[in-house]
Structure formats: structure tokens, C-alpha cells
*Asks:* 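Following this message is one structure expressed as C-alpha cells.
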Amino acid sequence: MSTRVFVARLVGLTVFDPLGDRVGRVRDVVVVFGKNPSPRVIGLVVEVVQRRRVFLPLTRVTSIDAGKVITTGLVNMRRFEQRHNETLVCAELFDRQVTVRDPEAEEFVGTVEDMSMEQNQRRDWNITKVFVRESGSASSASRAMNRLARRRAGKTSLHDIRDVFGLHREHQEQSAERLLEAYDDLRVEDLAEVIHDLTPKRRAEVAAALDDGKLADVLEELPEDDQVEIIAALGTDRAADVLEAMEPDDAADLLGDLPPETAEDLLKRMEPEDAAPLRRLLSYDENTAGGLMTTEPAILGPEATIAEALAVVRREELDPALASAVFIARPPLEVPTGRFLGMVHTQRLLREPPHTPVGNVVDSTIDPLNVEAPLGEVTRTLAQYNLVSLPVVDDNGRLLGAVTVDDVLDHILPEDWREERHDLHHDRKLPGVDA
């Protein structure tokens, strides 16, 4: 095993069991600060199957060498939860501003770029060296979004950790960019899980570093308590912008969890065309088709062609469930539309000549849901017809929106399903790994 390892090179390495089977990938290093000036390294955060992050104690690491990490094969599959006395090197220490008091040079302020860990005679691992960039160009460096740009700006140097001051304190806001950079390959659902595991202060920092669209996507995947906490921490104007970027049904659900005066203030700050559908959704009971639906399904008039319909469902921003069908209605085509005529399934679109009008292939055998239909009726109808989306109409037969299967699942699963989804089978064994 190497006696010195730089953390930035360690993160991303593949972890293998003794038989050579892949266990996961290193995502971070966990340290504990104590009386010793060198923080003790206690383990690694490893991303395993289904993007679950687990804790791998260094006592179960037999080798860190040749671009890989070898374990004893014993891996606890319970989701990693950071304890109050633990610090994540990449997420919390990289990009931290520190003071360097080198006995042989002038004192200066810099930012942490990397750290090295070394094994002592007792075979314990400690952080011993800190790679620092002087702050003469730190502000411009922190604006750069890739490591190469940062390394070209400002003088860098390696220092004994005993000469570096300012590490053992609450993390600084600038390191939120580094955390997001470390997880930029994650799906939104998995990034939401990472953010959920952070402290409230840290969540607020990361939310501030995300653009409105990405934050909107992440909020849609977080538990309600996290959503409310993050929105409350944002400035009112930015919170309104983020709500505008969310799917209408998700935004309405979030507004419904806020105090009425806060929700009304946010609605007033939104663009009228964005606020109107949210006000409409908030007027329905949450356990009815109206409370479940989204107001932005794919809608076309009967004269539109198959080619036009395929272009609509091909749009990347359209949710897969909504892309499963096009809803046909008389003008106007914005909700509430003219009279609803029926739906055309995407699979049917693929079987028809491109110039055929969609009105010729409408499936009118499936009755739309009334906006007041209860959750049980919505669930049974989806199951009965093996559908992933259903149209929702008012008493006059005008299309108001669509209910998708994911909306229904959100309401019939336990409230804490997002928090528990990776703990349900924590005793399951990985191939080649003894749990």
C-alpha cells in the first residue's frame, strides 16, 4: 500500500474486492479532527450499486495502489450518514480559505487545492500535507469551473499541515462549487440524495450555487421538508424564479406546504402566465385528479400531422410519462382548452404515415378523468388501461391537464419514501462482497 496518497487522485478510483469484482467508486474521504494537528482519516465514502453512498472504514482497505482500491470484501451497505464530528475532505475542505505560516517564507492566505494522507507506523492514516494556491488570484480562480483553469492561475505550494491554519472550522460557501463539480455526473435524483444528506447550512450553500433550472429539478426530487427549507432560505425573487422553472404540479405542491402568506407573496412575484396555472392547481384538493395533474401535457389540434405530433413528444424537456401520448382538443390549445377529443399514443404515432392528421387516429375509447375524481379512481383507471398518463377535464369537457403515474406514486407511497428508498434492502449482498 502506498504510504502517501493525494485525495484528489484517490477520488474517482474504482474499489475492488479481493476476487477482483468491482464494489464501487470512491467519492470522498472522511476525517476527524482531534488534538493531533493532523486530522485522522477514518474511511472513504464509496458509491456502490444504484448510486448508493456507503462508508468504507480504512481498516477494511488492504491496498491503495496502481489506480485502484482493494478491500477485505466486507462492506456495510447501509447508506452513509455523516456524523457531527466527521468532515468530508472534498465536500468541505477543498476550496477552503486558509492561512499558511511557513517558517521559511512570508505568511500568506490561500485556498486548499488538495491534501495528502499518509500511513504512520501504527498503520493509521492522517492528513499530513496541504496543497495550497495563494490568494493573489484566488477570486478569479474560484470563478473558473474546471480544475485546469484553476491550476493555471496563482502560485501553488505544498505545506505541512502544522503550518496551515483555518481548516478546522465551519466550511465556507465557496466550496459548494467543488462539491457540485465532484458530483456533476450524477442524475438529478441522485444529486438530490446527496444534497438531502447535507446539513441545513450546507444545503443552503449548494442551492445558492445551482442555477435556477437545476435547482428546480433537484427540488422536485427532495422530501417536502427539504423543499420548504431551501425555498425559505432563498431570496423571495429567486424563489419565485425557481418555482417558475419547476413542473407546475410540483411547484403547486411546494406552495401548498408553505404558509399561505408566503405562498401568495411568491405567486405575486411570478410572471402572471406562470402563476395562473399554479393558482388553479392550488384550488383543487390534493387527493383528486385536479390536485395530482400537471397543466403542461402535449396538446395538438385534430388537423396537426403525425410528423408534428412526433416532433412534440420528441422534445427533451418533456417528461417521459407525458411523452407517452398526445392529447387532441379543439382550439384554444392552452389549458383550459376547447372540447377534448381524445388521445393518441406515441406507439400509434410510430405506425402511421407522417402526413396523416392526428384527428384520424384518435383513441376515444378511454374516458378522461373529471377534475374532481378521487385518487382511488385515478389509480384504478391507470391500472385498468395499462397507461402512464390520463387526461383531466372539467364539467364542460375542456382539457385541464394530465395525471401521470409518477404523480400517483408520489401520493400512495409513504411520505418518507425518498429518505428510505436506499435503506429498504441495506442487508442485500453485492456480488462477490460479504455484507
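Given the structure is predicted, the values throughout are model-derived calculations rather than measurements. Quick note: numbers below take in every heavy atom, side chains included, and nothing from hydrogens, waters or symmetry partners.
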*Asks:* On a heavy-atom basis, which atom in Pro18 and which in Thr72 lie closest, and how many Å separate them?
*Replies:* CG-O, 3.5 Å
*Asks:* What is the distance from atom CG of Leu254 to atom CG of Asp249, rounded to the nearest 0.5 Å?
*Replies:* 11.5 Å
*Asks:* May I have the step-by-step check of side chain to side chain donor-acceptor pair (under 3.5 Å) for Glu221 and Gln227, ending in yes or no?
*Replies:* CA-CA 9 Å; Glu221 301 299 330; Gln227 291 181 344; over 6 Å; no
*Asks:* Is a salt bridge present between Glu47 and Arg25, judged by a nitrogen-to-oxygen distance below 4.0 Å?
*Replies:*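 No, this pair does not count.
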*Asks:* Give a yes or no on whether the backbone of Val361 and the side-chain of Glu352 come within a donor-acceptor separation of less than 3.5 Å.
*Replies:* no
*Asks:* For Glu271, does its backbone N or O pair with a side-chain atom of Glu244 as donor and acceptor, under 3.5 Å?
*Replies:* yes
*Asks:* Using modelled atom types and a 3.5 Å cut-off, is there a donor and acceptor pairing between side-chain atoms of Arg315 and backbone atoms of Ala311?
*Replies:* no
*Asks:* State, to 0.1 Å, how close Ala329 and Gly338 come at their nearest heavy-atom pair, and which atoms those are.
*Replies:* CB-O, 4.1 Å
*Asks:* Please report the interatomic distance CG(Leu399) to CZ(Arg339), rounded to the nearest 0.5 Å.
*Replies:* 12.5 Å
*Asks:* Check for a donor-acceptor pair, side chain of Glu189 on one end and backbone N or O of Glu193 on the other, with a separation under 3.5 Å.
*Replies:* no
*Asks:* Between Met115 and Leu93, is there a side-chain heavy-atom distance shorter than 4.5 Å?
*Replies:* yes
*Asks:* Evaluate side-chain contact (heavy atoms from CB on, under 4.5 Å) for Phe94 paired with Val7, printing each intermediate quantity in order.
*Replies:* CA-CA 10 Å; Phe94 281 8; Val7 172; 3.9 Å; yes
*Asks:* Indicate yes or no: at least one non-hydrogen side-chain atom of Leu167 is less than 4.5 angstrom from one of Phe33.
*Replies:*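 Result yes, sub-4.5 Å side-chain heavy-atom pair found.
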*Asks:* Can you give me the closest heavy-atom contact between Gly291 and Tyr284, atom names plus distance?
*Replies:*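 Closest pair (atom of Gly291, atom of Tyr284, distance): N-CB, 3.6 Å.
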*Asks:* Compare all side-chain heavy atoms of Thr111 with those of Val98 and state whether any distance is below 4.5 angstrom.
*Replies:*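 Thr111 vs Val98: side chains apart.
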*Asks:* Under 3.5 Å, side chain of Glu92 to main-chain N/O of Val89, donor-acceptor pair present?
*Replies:* no
*Asks:* Just wondering, do Arg22 and Val15 contact through their side chains at under 4.5 Å, heavy atoms?
*Replies:* no
*Asks:* Measure the shortest side-chain to side-chain distance between Ile299 and Val326 over non-hydrogen atoms and say whether it is less than 4.5 angstrom.
*Replies:*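 No; the side chains remain at least 4.5 Å from each other.
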*Asks:* Do NZ/NE/NH1/NH2 and the carboxylate oxygens of Glu205 and Lys201 come within less than 4.0 Å?
*Replies:* yes
*Asks:* Identify whether the distance between the nearest side-chain nitrogen and carboxylate oxygen of Arg330 and Glu303 falls below 4.0 Å.
*Replies:*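 No, Arg330 and Glu303 are not salt-bridged.
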*Asks:* Enumerate the ring-ring contact (aromatic ring centres under 6.0 Å, His included) contacts for residues 290-336, please, sequence neighbours excluded, ordered by first and then second residue.
*Replies:*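 Checked against ring-ring contact (aromatic ring centres under 6.0 Å, His included) - neighbours excluded - no pair reaches residues 290-336.
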*Asks:* Heavy-atom distance under 4.5 Å between the side chains of Ile42 and Glu86, does that happen here?
*Replies:*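 Of all side-chain heavy-atom pairs linking Glu86 with Ile42, at least one is under 4.5 Å.
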*Asks:* Could you check Val45, Val46, Thr87 and say which one makes a side-chain contact (heavy atoms from CB on, under 4.5 Å) with Asp28?
*Replies:* Val45
*Asks:* Does the side chain of Met117 reach to within under 4.5 Å of the side chain of Arg4, using non-hydrogen atoms?
*Replies:* no
*Asks:* For Glu273, does the CD atom sit with more than 12 other heavy atoms under 6.0 Å from it, leaving out its own atoms?
*Replies:*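 Correct, the count exceeds 12.
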*Asks:* For the residue pair Leu369 and Val393, establish whether any side-chain heavy-atom pair is separated by less than 4.5 Å.
*Replies:* no
*Asks:* Tell me if a side-chain donor or acceptor on Thr381 pairs with a main-chain N or O of Glu377 at a distance below 3.5 Å.
*Replies:* yes
*Asks:* Would you kindly say whether Asp363 and His345 are connected by a side-chain donor-acceptor distance under 3.5 Å?
*Replies:* yes
*Asks:* side-chain contact (heavy atoms from CB on, under 4.5 Å) between Met343 and Ile328: does it pass, once the steps are laid out?
*Replies:* CA-CA 6 Å; Met343 57 196 299; Ile328 312 302; over 6 Å; no
*Asks:* Ignoring hydrogens and angles, tell me if any N or O in the side chain of Asp394 forms a donor-acceptor pair with the backbone of Asn396 under 3.5 Å.
*Replies:*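 Side chain of Asp394 to backbone of Asn396: a pair is present.
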*Asks:* Whether the side chain of Arg53 engages the backbone of Val48 through a donor-acceptor N/O pair (distance < 3.5 Å, no angle test) should be reported.
*Replies:* no
*Asks:* Near Asn85 CG, under 6.0 Å, is it more than 12 heavy atoms from other residues, nucleotides or ligands?
*Replies:*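 Result for CG/Asn85: enclosed.
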*Asks:* Would you give the length of the straight line joining atom OG1 of Thr305 to atom CG of Leu310, rounded to the nearest 0.5 angstrom?
*Replies:* 8.5 Å
*Asks:* Run the salt-bridge test on Asp212 and Arg238 with the 4.0 Å N-O cut-off and return the result as yes or no.
*Replies:*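 Judged by the 4.0 Å cut-off on N to carboxylate O distance, Asp212 and Arg238 do form a salt bridge.
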*Asks:* Take His411 and Leu375 through the test side-chain contact (heavy atoms from CB on, under 4.5 Å) and record every step on the way to the result.
*Replies:* CA-CA 9 Å; His411 281 71; Leu375 175 60; 4.3 Å; yes
*Asks:* How many angstroms lie between CZ in Arg60 and CG in Leu44, if you round to the nearest 0.5 Å?
*Replies:*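 With rounding to 0.5 Å, CZ (Arg60) is 12.5 Å from CG (Leu44).
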*Asks:* Roughly how far, to the nearest 0.5 Å, is CG of Leu243 from CG of Asp274?
*Replies:* 10.0 Å
*Asks:* Hey, could you give me the CD/CZ distance between Glu81 and Phe55, rounded to the nearest 0.5 Å?
*Replies:*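 Interatomic distance, Glu81 CD to Phe55 CZ, rounded to 0.5 Å: 13.0 Å.
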*Asks:* Is there a donor-acceptor pair under 3.5 Å between the side chain of Thr337 and the backbone N or O of Glu334?
*Replies:*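 Here the side-chain-to-backbone pair does not exist.
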*Asks:* Can you name the nearest heavy-atom pair linking Val242 to Ala216, along with the distance?
*Replies:*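 Closest approach of Val242 to Ala216, heavy atoms only: O-CB, 3.8 Å.
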*Asks:* With side-chain contact (heavy atoms from CB on, under 4.5 Å) as the test, pick out the partner of Leu390 among Asp367, Thr404, Leu382, Val408.
*Replies:* Leu382
*Asks:* Which pair of heavy atoms, one from Ala325 and one from Thr346, lies closest together, and at what distance?
*Replies:*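 Looks like N-OG1, 3.6 Å.
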*Asks:* Which atom names give the shortest non-hydrogen contact between Val378 and Ala373, and what distance separates them?
*Replies:* CG2-O, 4.2 Å
*Asks:* Does Phe131 form a side-chain contact (heavy atoms from CB on, under 4.5 Å) with Val112? I'd like the steps, not just the answer.
*Replies:* CA-CA 6 Å; Phe131 187 67; Val112 176; over 6 Å; no
*Asks:* Are there more than 12 heavy atoms of other residues, nucleotides or ligands under 6.0 Å from atom CZ of Arg269?
*Replies:* yes
